[in-house]
Amino acid sequence: MISGTPPGHVPAIELRGASKVFRTPSGASHTAVRDLGLTVEQGEFVAVVGPTGCGKSTTLTLVSGLEEPTEGEVLVGGEPVTGIRPEVGFVFQQDAVFPWRTVLSNVTAGPRFRGVPRAEARERARDWLGRVGLASFADRYPHQLSGGQRKRVALAQTFVCDPAILLMDEPFSALDVQTRALMSDELLELWGGSHGGPAASVVFVTHDLEEAIALADKVVVMTAGPATVKQVFPVRLPRPRKVEAIRLEPEFVEIYREIWSSLGEEVRITRERGASRVA
Amino acid sequence: MSLESVESVGAPIAPTAPAVGRASARAKAARQRRLTVYAARVLVLVVVLVAWELMARNGVIDPFYFSMPTRIWDQIVQWTLHGTPQGSLGEQIWYTLYEALLGWVFGVAGGVVLGIGLGRVRFLADVFSPYIKVLNALPRIALVPIFLILFGLGPASKVASAVVLVFFPVFFNAFQGAREVDRNLVANARILGASNRRVTLQVVIPSATSWIFTSLHVSFGFALIGAIVGEYLGAAKGIGLLVSMSQNTFNTAGVYAAMVILAVVALLAEGLLTFAEKRLFRWKPGDSGSGE
Ligand SMILES: Nc1ncnc2c1ncn2[C@@H]1O[C@H](COP(=O)(O)OP(=O)(O)OP(=O)(O)O)[C@@H](O)[C@H]1O
Ligand SMILES: [Mg+2]
């Protein structure tokens, strides 16, 4: 794995034998992630799929620096992660917009925390609100929005900071099909470096296998929890892609079938475990 | 008109004729109901006052101990028109209010700062929590005589009494509020680049404000109690002194009159606080005045 890389080449994200053990309230320990090895190259788009509860979100918190691995190493840009880095953006699975701030103020939060002057932060925020289709909702409070609209606020909030490393935890799962396709294309455009800078490196967690294949350069399948990498499938569909059109390519269908059988097995294991625990 | 529009915020109204008719009917019913509630409230008050008056006049209860509404009213009128033995009535109210407010402000400021601080810094919480529990278990009202000896008969001793009564409920609520902040919000703020200070100021404090506000309502009452008890035990001015003077001259009407005045003052303060709260929590769901 490492032998093939030329000297001086630094992957954007690298996990080496990373494990995360949580302490449960009852005092027992719970292994969420075990011996995880994963490499994300500069500008690469990696989709992660796996059964529910296997440890995908935990993996992202390790990369973000919000949590430290119990064992092993997490490297970002070749350096061990010791805290939160400014180039990392994270779209959380749960609602995390600030309820006491208006939509506009939520989107300006990132730039303002980073010391961007107010006027410029507002301008950038308005631009992003337009892109996620919320321009006319700027002065609403989050509780006055629908779930999908709140999610789009979260997306704008992350994208406005121009992250070089983008961690996304099921970002589109609350959106309707049309908006989802629109946001996927928008995401591909942003990632493609339409801003003039180098492409962002993306880790994209999803339950939607079609979405994973349509977006990613490679799809990582995780095992039932504690998660480790089961298989990595490169996706060699040509770019630029349009998410809606690409689903119909024969190659797409082929790879979909492959990944589905690999993932299906883990999902079945997870389900059986859940059932036996209830019984 | 404005009342009607507030009433109808909850239901989206389609601009068709039957829907408009139904909505206005519903608004009318709601208005009707509210009027009935107000009428019933007034009725309860009148019944209680009349019963009190009649029982006192007919000797069912001893007016020496229980006084009667008309006498209490006469006492308030007399104080208002001719002043109290220790100066005008307004001056007494102002003194008590001033001591209570000052004590409340100090108590709230201390409670909020320490509560948030201990809620945020684990080490401080671990060190101080047993001492705070002990202090909270003390009957703090018993400290009032000590404050009188320490700070004299002036306002300082009353302010101190109000502070010790106000501090603890505010402190515990602020502490709890800081502890219960949604972890996702903190994580999000940190990812977006917020420093620790920013997280405290812009995430922890806003989410703890609803906790703090619940304690503010109770604690203003406590501040008044602190000031009154302090005045009662020894002062040159204030409503508490009015109570003790009336008591010493066996003027029960005076004692009740002072209590009525206090209740009005407390209700006004409560109203102001609710108003401030409404303005501050526009971002919360379920608030009919949702910013529009
Ligand atoms: N703070 C925590 N303390 C204890 N256990 C935790 C904690 N966070 C997560 N876990 C456990 O770790 C496992 C992995 O959780 P994680 O959130 O990473 O799953 P996931 O793969 O993101 O699932 P989903 O697809 O449903 O979002 C779960 O079994 C969960 O119960
Ligand atoms: Mg998850």
Side-chain angles (χ1 to χ4, degrees), chain A residues 57 60-61 63-67 81 83-103 105-116 121 125 137-145 150 153-163 165-169, chain B residues 5-6 8-13 112 116 120 122 173-174 177-214 216 276-292:
Chain A
S57 300
L60 292 190
T61 58
V63 176
S64 70
L66 285 169
E67 297 269 7
V81 173
I84 288 150
R85 307 167 66 101
E87 73 265 33
V88 174
F90 195 157
V91 181
F92 292 88
Q93 185 173 7
Q94 307 90 338
D95 231 357
V97 294
F98 305 114
W100 51 82
R101 284 174 170 246
T102 62
V103 168
S105 169
N106 259 292
V107 182
T108 50
R112 292 293 291 147
F113 287 153
R114 290 152 196 247
V116 174
F137 292 84
D139 45 13
R140 296 252 196 137
Y141 286 97
H143 78 86
Q144 298 167 318
L145 300 180
R150 271 204 295 277
V153 174
L155 290 171
Q157 195 177 44
T158 299
F159 287 154
V160 76
C161 299
D162 261 331
I165 290 182
L166 192 48
L167 310 173
M168 307 181 82
D169 200 346
Chain B
S5 63
V6 167
S8 57
V9 158
I13 300 163
V112 167
I116 301 267
R120 284 287 285 157
R122 188 64 194 259
N173 272 45
R179 276 293 176 87
E180 311 245 314
V181 175
D182 187 345
R183 297 190 47 195
N184 285 314
L185 294 183
V186 175
N188 194 19
R190 290 177 61 204
I191 289 283
L192 291 172
S195 57
N196 264 332
R197 195 176 58 90
R198 277 264 171 77
V199 170
T200 304
L201 290 179
Q202 305 202 2
V203 181
V204 177
I205 291 184
S207 40
T209 35
S210 37
W211 282 85
I212 294 170
F213 253 85
T214 25
L216 292 194
E277 199 174 5
K278 279 233 172 84
R279 298 294 313 261
L280 212 60
F281 288 112
R282 269 188 314 187
W283 56 270
K284 280 216 158 178
D287 184 334
S288 56
S290 50
E292 260 101 28

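Treat the numbers as computed from the prediction; the structure is a model and nothing was measured. In what follows, chains carry the letters A, B, and so on, assigned in the order in which the sequence lines appear, proteins first and then strands, with residues in each chain numbered from 1.
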**Q** Is it the case that over 12 heavy atoms from other parts of the model lie below 6.0 angstrom from the CZ atom of Arg114(A)?
**A**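 Atom CZ in Arg114(A) is packed in, count exceeds 12.
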**Q** Determine the option with the most heavy-atom pairs under 4.5 angstrom with chain A, choosing from Asp182(B), Leu280(B), Ile191(B).
**A**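 Counting heavy-atom pairs under 4.5 Å, the top option is Ile191(B).
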**Q** Is it the backbone or the side chain of Asp95(A) that comes under 4.5 Å from a heavy atom of chain B, or both, or neither?
**A**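 Just its backbone gets close to chain B.
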**Q** Between Arg197(B) and chain A, with a heavy-atom cut-off of 4.5 Å, which part of the residue counts as in contact: side chain, backbone, both or neither?
**A**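 Neither part.
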**Q** Closest heavy-atom contact between Leu192(B) and Ala109(A)?
**A**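 Closest heavy-atom pair between Leu192(B) and Ala109(A): CD1-CB, 4.5 Å.
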**Q** Any side-chain donor-acceptor pair under 3.5 Å between Asn184(B) and Gln93(A)?
**A**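 Looking only at side-chain atoms, Gln93(A) and Asn184(B) do not form any donor-acceptor pair under 3.5 Å.
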**Q** Between Phe98(A), Phe113(A), Phe92(A), which shows the greatest number of heavy-atom pairs under 4.5 Å with chain B?
**A**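 The residue among Phe98(A), Phe113(A), Phe92(A) with the greatest pair count is Phe113(A).
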**Q** Less than 4.5 Å to any heavy atom of chain A: does that hold for the side chain of Thr209(B), its backbone, both, or neither?
**A**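 Neither part.
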**Q** Does any heavy atom of chain B fall under 4.5 Å from the side chain of Glu87(A), the backbone, both, or neither of them?
**A**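 No part of Glu87(A) comes within 4.5 Å of chain B.
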**Q** What is the distance from atom CH2 of Trp283(B) to atom CH2 of Trp100(A), rounded to the nearest 0.5 Å?
**A**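 Rounded to the nearest 0.5 Å, the CH2-CH2 separation comes out at 6.5 Å.
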**Q** Below 4.5 Å from any heavy atom of chain B, which atoms of Pro99(A) appear? Answer side chain, backbone, both or neither.
**A**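 Both parts, backbone and side chain.
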**Q** Name the region of Val203(B), side chain, backbone, both or neither, that has any atom closer than 4.5 Å to a heavy atom of chain A.
**A**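 Val203(B) touches chain A through backbone and side-chain heavy atoms alike.
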**Q** Heavy-atom cut-off 4.5 Å, strictly under: side chain, backbone, both or neither for Val91(A) against chain B?
**A**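 When you check distances to chain B, no heavy atom of Val91(A) falls under 4.5 Å.
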**Q** Any donor-acceptor pair under 3.5 Å linking the side chain of Arg190(B) with the backbone of Ile84(A)?
**A**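 Not confirmed, Arg190(B) side chain does not pair with Ile84(A) backbone.
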**Q** Rounded to the nearest 0.5 Å, how far does CD of Gln202(B) lie from CZ of Arg112(A)?
**A**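 Rounded to the nearest 0.5 Å, the CZ-CD separation comes out at 8.5 Å.
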